[in-house]
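Below, chain A is the first sequence line, B the second, and so on; all start at residue 1. Please read these numbers as outputs of a predicted model, since none were measured by experiment.
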Amino acid sequence: MKLPEAANFIEQIINEELEAGKFESRGNKLQVRFPPEPNGYPHIGHVKAMCINFGVKEKYGAKLNLRMDDTNPAKEDYEYVNSIIDAIKWLGFEYDKLVFASDYYDRLYEIAEKYIKDGVAYVCDLSAAEITATRGTLTEAGTPSPYRERSAEENLKLFREMKAGVYPDGAKVLRAKIDMSSPNLNMRDPVIYRIAHVTHYRTGDKWCIYPMYDFAHPVSDAIEGITHSLCSLEFENHRPLYNWFVEKAGFPEPRPRQIEFARLNISNTLMSKRYLKKLVDEGVVRGWDDPRMPTIAGIKNRGVPPEALKKFCADVGVAKAYSVVNQAQLDSCIRDELNADAERAMAVINPLKLTITNYSGEEELLFDKNPAKENCGVRNIKFTGSVYIDKDDFSLNPPPKYKRLQKGGTVRLKGAYIVRCDEVKLDKNGEAEELLCTYFPETRSGSTAESQIKAKGVIQWVDAKYGVDAEFRQYESLLTDEKYPDQDYAERINYNSEKCFKGKAEPYLYESENGKAFQLMRTGYYKKSQDGGLLLSEIVSLKDNFNK
RNA sequence: UGGGGUGUCGCCAAGCGGUAAGGCACGGGAUUUUGAUUCCCGCAUUCGUAGGUUCAAAUCCUGCCACCCCAGCCA
């Protein structure tokens, strides 16, 4: 994986350190980590973090640990660690080691005792509410805890009792003794350990005290010999604390360095594990891998190739400015990959019978599997003169510049013949029910014969006898009740499959920037999903319209 | 009103004192049996803003302005 080009600011930092000889003591070997918390399925935002970290690995020949940041047993589970591993594999990334923060619980505990012995940590009996109340505000200093000056001996005794399960949840915490009047609230004696009598998915009931992120993360980095700890912007304020914990733990130079970058946001796309989990829990979607979800599993189920996601991240770049990338940018990457890769097929969503009155018998027509690729091979499609076309490809009241079929007009059935619509049978609602057409033998696809007959448009079709019915999965909009607004023909879709389809489908719905819903279908190239549904190329948007 | 960050085309984003890359989107044209693809061409005299330094500034200095993050015993 190429590091996104725009990750220049990270590379600059690393290059400068390298030049200054910061890592000579370790043979200039760098080490990074990808540290998700296994509390949900990874989403496309994680892909960016992966691309950055795996990009550094690639560029500098660094080692990369996949580390499950599992320090909050209440939320974590193996299901999620598996989802993370699956996602990484699917994307084609390779990590050097799989590690767990929970692997370090013993070591972390020892370091906490060291803090106590060194007089930089203390056991505090204040309640959570009291700690909040004494932390001060953005403009006022906090007030020191009355337990702040306990002796090392007493602290050690108390802390060991906490570990032994003597106290109930919330009764005591271990706190770092830093500076209650620091302008950086994170430095106002943050909690290092809390009591939680919760079964951990890996360590079971061995522990009833669990380390906090602010402590566990930097120390885990140091334990692993991480040189660069890349994380998102919201941790900038934590960096002094990060450094404090590593330094007080006594790790020698070179110590890990935290570098922050802006996380990924995509327009109209919900990118918060918390809300995604809510959708799953409330049954709004079928699961974390529902194709409407922006999770990697969901995107995969929509037929998006992993390369498209990587290209997207590379295109979008890495910087520190808060940003929201247009979905169109992602769509473009997906189209790009599928165009080069996906085999083509014809599909009809809303069938309209088209009968050629002067055709008899049947024949086989050849189609390139993928015109965008050389030596893509061909597929044969049978043609009997009786086909279905899409209702959208015929108009009783054609607008100006209409290129498809209308009464008395001509159109080319893709890969077959030009046909002229002679007669339109209407149903009782006045809608077209069947088209009776004449075909022109000399216009057969590939024929070099001259013909006076021309057609402006080319439409897809499915043979009435040999076409295959396909099960189209229908999705309800997650966004709004407004369905089926006007759709331009340019939004026509091409499905990809070995076979032809006919059938019906309700398209995805999508929320536009003006809040109106429109169909998700676009011209493009689509792959078939693993569960047989047809896939569309867009990230479905989830409107943030439920209670928070 | 404390601290930490960020502001370059509609959306991302390069740029690091020498006279504004690229992608997406968009517009125009050519080819085309997918209104797709491909292919050309166009798209910031200007870098949040006001000053200053300099032969020369998006890049350095100063003052403003805007937005984001921080008061979980979440990560």
Next on the checklist: Categorize A/R444 for me: base, sugar-phosphate, or nothing, with a 4.0 angstrom heavy-atom threshold over every strand shown.
Outcome noted: base

Item to check | Nucleotide of B/G23, B/A71, B/C70 approaching A/D315 most closely (side-chain heavy atoms) | outcome: B/G23

Checklist entry - Using the glycosidic torsion, which applies to B/G72: syn (within 90° of 0) or anti (everything else)? => result syn

Checklist outcome for this item: Rounded to whole Å, the CD1-C1' distance (A/I178 to B/A71) equals 15 Å

Checklist entry - Hey, are A/E260 and A/Q258 close enough side-chain-wise for a donor-acceptor pair under 3.5 Å? => result yes

Checklist entry - Looking across every strand, which nucleic acid part, if any, lies under 4.0 Å from A/A321 by heavy atom: base, sugar-phosphate, or nothing? => result sugar-phosphate

Next on the checklist: For A/R67, is there any backbone N or O sitting under 3.5 Å from a side-chain donor or acceptor partner on A/N65?
Outcome noted: no

Checklist entry - Below 4.0 angstrom, N of the basic side chain to O of the carboxylate: do A/K75 and A/E37 qualify? => result no

Checklist entry - Which value, in whole Å, describes the distance between the C1' atoms of nucleotides B/U59 and B/G52? => result 15 Å

Item to check | Any donor-acceptor N/O pair under 3.5 Å between B/C69 base and A/N237 side chain | outcome: yes

Checklist entry - Distance between the P atoms of B/G51 and B/C40, in whole angstroms? => result 44 Å

Checklist entry - Considering only B/A75, B/A14, B/A71, which nucleotide approaches the side chain of A/L138 most closely? => result B/A71

Next on the checklist: Taking only side-chain N and O atoms of A/S323, does any of them lie within less than 4.0 angstrom of OP1 or OP2 on B/A13?
Outcome noted: yes

Checklist entry - Can you find a side chain N or O atom of A/R239 that sits less than 4.0 Å from OP1 or OP2 on B/C70? => result no

Checklist entry - Expressed as a whole number of Å, how far does the P atom of B/G18 sit from that of B/G3? => result 34 Å

Item to check | Check: A/T139 side chain, B/U1 base, donor-acceptor under 3.5 Å | outcome: no

Checklist entry - Does A/N39 place a side-chain N or O at less than 4.0 Å from the phosphate oxygens OP1/OP2 of B/C74? => result no

Checklist entry - Contact class for A/I131 vs. all strands (heavy atom < 4.0 Å): base, sugar-phosphate, or nothing? => result base

Next on the checklist: Under 4.0 Å, counting only non-hydrogen atoms across every strand here, what does A/T443 touch: a base, just sugar-phosphate, or nothing?
Outcome noted: base

Checklist entry - Are any of the side-chain heavy atoms of A/I178 and A/W244 separated by less than 4.5 Å? => result yes

Next on the checklist: Using the C1' atom as the point on both nucleotides, what is the distance between B/G27 and B/C43, in whole Å?
Outcome noted: 8 Å

Checklist entry - With a non-hydrogen cut-off below 4.0 angstrom, is A/K403 in contact with a base, only sugar-phosphate, or nothing? => result base

Next on the checklist: Applying a 4.0 Å non-hydrogen cut-off, can you work out what A/G457 is touching in the nucleic acid: base, sugar-phosphate, or nothing?
Outcome noted: nothing

Next on the checklist: Using every non-hydrogen atom in the two residues, find where A/L108 and A/F215 come nearest and quote the distance to one decimal.
Outcome noted: O-CZ, 3.4 Å

Next on the checklist: Say we look at B/A58 and B/U53: how far apart would their P atoms be, to the nearest angstrom?
Outcome noted: 16 Å

Checklist entry - If you pin A/P183 and A/D69 to their nearest nucleotides in RNA chain B, which one's is more 5'? => result A/P183

Item to check | Any N/O donor-acceptor pair, A/E234 side-chain to B/C68 base, under 3.5 Å | outcome: no

Checklist entry - Which is true for A/I209 with a 4.0 Å heavy-atom rule: it touches a base, it touches only sugar-phosphate, or it touches nothing? => result nothing

Checklist entry - Who is the Watson-Crick or G-U wobble partner of B/U6, with both distances under 3.5 Å? => result B/A66

Item to check | A/T71 side-chain N/O to B/C74 phosphate OP1/OP2 under 4.0 Å | outcome: no

Next on the checklist: Let's test this: given Watson-Crick or G-U wobble pairing with both distances under 3.5 Å, identify the partner of B/C47.
Outcome noted: none

Item to check | Pairwise P distance for B/U54 and B/G10, with rounding to whole Å | outcome: 34 Å

Item to check | Integer-rounded Å distance: B/C68 P and A/L233 CG | outcome: 13 Å

Checklist entry - A/F235 near the nucleic acid: base, sugar-phosphate alone, or nothing, with a heavy-atom cut-off under 4.0 Å? => result base

Item to check | Presence of A/R194 side-chain N/O under 4.0 Å of B/C74 phosphate oxygens OP1/OP2 | outcome: yes

Next on the checklist: Please tell me whether A/E442 and A/S451 have a donor and an acceptor in their side chains that are separated by less than 3.5 angstrom.
Outcome noted: yes

Checklist entry - If you check every side-chain atom of A/L185, which of B/G2, B/G5, B/A75 has the closest atom? => result B/G2

Checklist outcome for this item: Taking a pair to mean Watson-Crick or G-U wobble geometry with both distances below 3.5 Å, B/U19 pairs with none

Checklist entry - Under 3.5 Å, is there an N or O donor on one side and an acceptor on the other linking the side chain of A/E236 and the base of B/G4? => result no

Next on the checklist: Is the terminal nitrogen or CZ of A/R420 (NZ for Lys, CZ for Arg) located under 6.0 angstrom from the six-membered ring centre of A/Y439 and within 45° of that ring's axis?
Outcome noted: no

Next on the checklist: By the definition ring-ring contact (aromatic ring centres under 6.0 Å, His included), identify the one residue from A/Y210, A/Y105, A/F159 that meets it with A/Y193.
Outcome noted: A/F159

Checklist entry - Under the 6.0 Å and 45° cation-pi test, does A/K273 pair with A/Y41? => result no

Checklist entry - A/R135 side chain N/O closer than 4.0 Å to the phosphate oxygens (OP1, OP2) of B/G72? => result yes

Next on the checklist: Looking at B/C74, which nucleotide sits across from it as a Watson-Crick or G-U wobble partner, both distances under 3.5 angstrom, or is there none?
Outcome noted: none

Checklist entry - With a non-hydrogen cut-off below 4.0 angstrom, is A/V173 in contact with a base, only sugar-phosphate, or nothing? => result base

Next on the checklist: I'd like the C1' distance from B/U31 over to B/C41, given in whole Å.
Outcome noted: 15 Å

Checklist entry - When the nearest nucleotide of RNA chain B is assigned to A/S332 and to A/A416 on a heavy-atom basis, which residue is associated with the more 5' position? => result A/S332

Item to check | Separation of the P atoms in B/A20 and B/U62, to the nearest angstrom | outcome: 26 Å

Next on the checklist: Whole angstroms only, please: what is the NE2-P distance between A/H238 and B/A75?
Outcome noted: 11 Å

Checklist entry - B/C12, B/U33, B/A71: which one has an atom nearest the side-chain heavy atoms of A/V316? => result B/C12

Item to check | Partner nucleotide of B/C26 by Watson-Crick or wobble geometry (both distances under 3.5 Å) | outcome: B/G42

Item to check | Among B/U33, B/G5, B/C73, the one nearest A/S127 by side-chain distance | outcome: B/C73

